[in-house]
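Reminder, nothing fancy here: chain letters follow the sequence lines and each chain counts from 1.
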Protein chains: 2
Amino acid sequence: MAVDKAKGRDTGTLGKAMRLLDLVAEADLPLRFSDILARSGEPRGTVHRQLTHLVEEGLLEIGSDSTYRPGLRLLSLAARAWASADFREIAAPALRALHEETGETVHLGVLRGTDVIYLDKVESRQSVRMHSQIGKASPLYCTGIGKAALSLLPKEEASRLIAGLDFHRFTPSTITSAAALEEELEAIRMAGHAFDREEHEEGIRCVAAPIRLSGSERAAGVSVTGPAFRVGRDRLEHWADAVKRTAARIGEEAALRLGPRH
Amino acid sequence: MAVDKAKGRDTGTLGKAMRLLDLVAEADLPLRFSDILARSGEPRGTVHRQLTHLVEEGLLEIGSDSTYRPGLRLLSLAARAWASADFREIAAPALRALHEETGETVHLGVLRGTDVIYLDKVESRQSVRMHSQIGKASPLYCTGIGKAALSLLPKEEASRLIAGLDFHRFTPSTITSAAALEEELEAIRMAGHAFDREEHEEGIRCVAAPIRLSGSERAAGVSVTGPAFRVGRDRLEHWADAVKRTAARIGEEAALRLGPRH
DNA sequence: CCCTATGTTCCATTATTTGGAACTCAATTT
DNA sequence: AAATTGAGTTCCAAATAATGGAACATAGGG
């Protein structure tokens with residue numbers, strides 16, 4: 001049977017179920033059975049039984065027209081995951097301070113695999129709902145936090161991650177080659193901060209700094225984000241120091257409160 | 001091995017993994033391997049392998065001191081679940097209106113099993129972070145929304161649910177018997193709204209009304225919540241109508257936009 | 001009425017999980 | 001320093017659950 005060496009993991013039955021769950025969650029509209037069947041490439045019986053199990057567990061929900069969508073149980077599980085992410089709590093005051101100083105949206109994110117997961121967000125305007133972004137995953141190579149966090153990893157680990165990336169062009173400025181990313185990464189290591197120059201979304205720019213989380217094997221970052229019309233290169237440059245100070249502060253706090261005991 | 005008829009479900013391997021995940025998520029502080037082993041009652045080898053799988057899938061995370069806590073992947077999955085909960089989106093304007101009218105915190109929740117899951121919350125003070133409650137599960141028998149939603153179910157279904165409850169006294173006013181709950185339920189059916197008279201948390205009161213979600217086999221509710229010192233019985237009574245109107249409005253909107261197609 | 005698309009169920013075969021025991025590695029205790 | 005305890009990890013034959021091909025059901029057209 002030989003486990004696929006390239007990918008490595010083999011989480012058996014659970015892994016298969018999760019792949020299916022991902023498939024449904026990732027779709028931006030409810031899928032019908034046949035859609036899932038087609039996308040999964042697995043045989044009918046198998047898919048059907050697995051979906052049934054996921055529904056019974058509350059991880060998926062099935063509509064009257066037998067469309068599948070993510071289930072509520074995910075919400076309650078995540079609520080706990082979020083609550084117990086004490087790193088987030090530790091960072092909160094520093095994020096607020098940075099927001100006051102800059103007046104723009106501040107994000108906190110961590111690296112998971114090749115994605116950045118947003119843990120928290122501070123913004124002034126209420127109109128855009130807060131949760132909308134929390135927990136969201138974005139590719140590492142086109143976000144300020146992603147690139148900043150990457151610059152913190154040991155070089156060979158960073159290169160390994162980069163080698164495995166699947167670049168997708170979101171905007172004209174998106175970095176779309178490993179070579180270009182490696183080059184930018186070198187600059188980020190020197191400067192201590194990273195920019196996102198409308199690389200993920202047109203009209204959105206940011207400066208980010210990496211947070212060193214000793215102990216926890218995790219790379220994280222903070223960023224200040226704003227619309228291009230209001231935030232020019234000069235302002236980004238100008239904020240870089242504040243962002244770096246914030247990152248350092250969070251790193252120290254975390255080391256203090258998560259390091260010794262916990 | 002004869003499936004436990006009383007409980008019914010048998011989601012095989014997935015179910016077992018999820019039970020373990022719940023166990024870890026439900027604990028309010030990170031558990032070590034032995035804690036989990038003890039609480040699960042399963043044999044060593046089994047627990048160890050399952051935890052390993054959960055970690056590999058990102059559903060759990062393991063700290064340097066080999067403690068387990070909920071993983072970040074739950075956040076990203078839930079982000080999608082929340083985004084695609086179009087019911088929440090439909091309800092949002094009505095919730096805001098109710099908040100403006102009453103000036104107190106407004107909740108939207110749905111019934112899942114014997115719990116109420118909070119889908120959304122509108123409040124004025126920013127100090128208490130919004131997410132803190134979203135996705136949270138609270139027992140059905142001591143929350144306004146829970147009791148209201150229950151009043152919507154067919155009587156025998158409600159009774160079946162009630163019979164299966166495991167009452168826990170949170171405050172002196174908590175309802176702690178099936179008989180008392182059945183009685184109150186009758187009153188709620190007549191009135192069309194439910195109160196929470198400091199039954200879940202001391203000093204916190206609320207009025208809730210059930211939302212009828214035709215089609216979707218789901219019972220939901222809206223509530224207005226406030227601190228006892230500011231919200232007397234009279235005020236609660238006074239808001240009852242507004243809450244009922246809001247519930248009706250959400251129900252109609254949902255029927256319109258989720259019923260025909262979708 | 002037949003045809004097709006879609007969703008559901010069945011069951012012998014096959015692969016995965018199980019769980020008891022043995023093993024490692026530190027930190028105590030004797 | 002040797003023995004003991006406690007915590008985490010690994011192993012593998014036996015038990016159990018997942019697989020997937022095919023048959024069955026159901027609904028909408030043409």
For B:Tyr118 and B:His107, take the angle between the two ring planes, folded into 0 to 90°, and tell me which bin it lands in: parallel under 30, tilted 30 to 60, perpendicular over 60.
tilted
With a 4.0 Å limit, can you tell me whether B:Lys16 has a side-chain N or O closer than that to the phosphate oxygens OP1/OP2 of D:dT16?
no
Residue-level proximity of residues 19-27 of chain A to DNA chain D when a heavy atom falls under 4.0 Å:
none
Not counting sequence neighbours, which residues clear side-chain hydrogen bond (donor to acceptor under 3.5 Å, both in side chains) with A:Lys244? List them please.
A:His193
Counting only side-chain heavy atoms from C-beta out, which of C:dT8, D:dT9, C:dT6 sits nearest to B:Phe33?
D:dT9
Please check the phosphate of D:dA17 (OP1 and OP2 only) for any side-chain N or O of A:Thr13 closer than 4.0 Å.
no
Mind checking what makes side-chain hydrogen bond (donor to acceptor under 3.5 Å, both in side chains) contact with A:Arg112, not counting sequence neighbours?
B:Ser76
Please report the distance, rounded to the nearest Å, between CG in B:Leu14 and P in C:dT17.
12 Å
To the nearest Å, how far apart are B:His53 NE2 and D:dT10 P?
12 Å
ring-ring contact (aromatic ring centres under 6.0 Å, His included) pairs touching residues 134-155 of chain A, sequence neighbours excluded, are A:Tyr141-A:Phe167
Under a 4.0 Å heavy-atom cutoff, the residues of residues 42-52 of chain B touching DNA chain C are B:Glu42, B:Pro43, B:Gly45, B:Thr46, B:Arg49, B:Gln50
Test side-chain hydrogen bond (donor to acceptor under 3.5 Å, both in side chains) applied to A:Ser159 - qualifying residues, sequence neighbours left out:
A:Glu182
Can you pull the salt bridge (charged side-chain N to carboxylate O under 4.0 Å, His left out) pairs that have at least one residue in residues 39-54 of chain A, sequence neighbours excluded?
none
Which pairs count as side-chain hydrogen bond (donor to acceptor under 3.5 Å, both in side chains) when at least one residue sits in residues 142-151 of chain A, sequence neighbours excluded?
A:Lys147-A:Glu184, A:Lys147-A:Glu199
Name all residues meeting the side-chain hydrogen bond (donor to acceptor under 3.5 Å, both in side chains) criterion together with B:Glu61; count only those two or more places apart in sequence or in a different chain, and write none if there are none.
A:Arg218
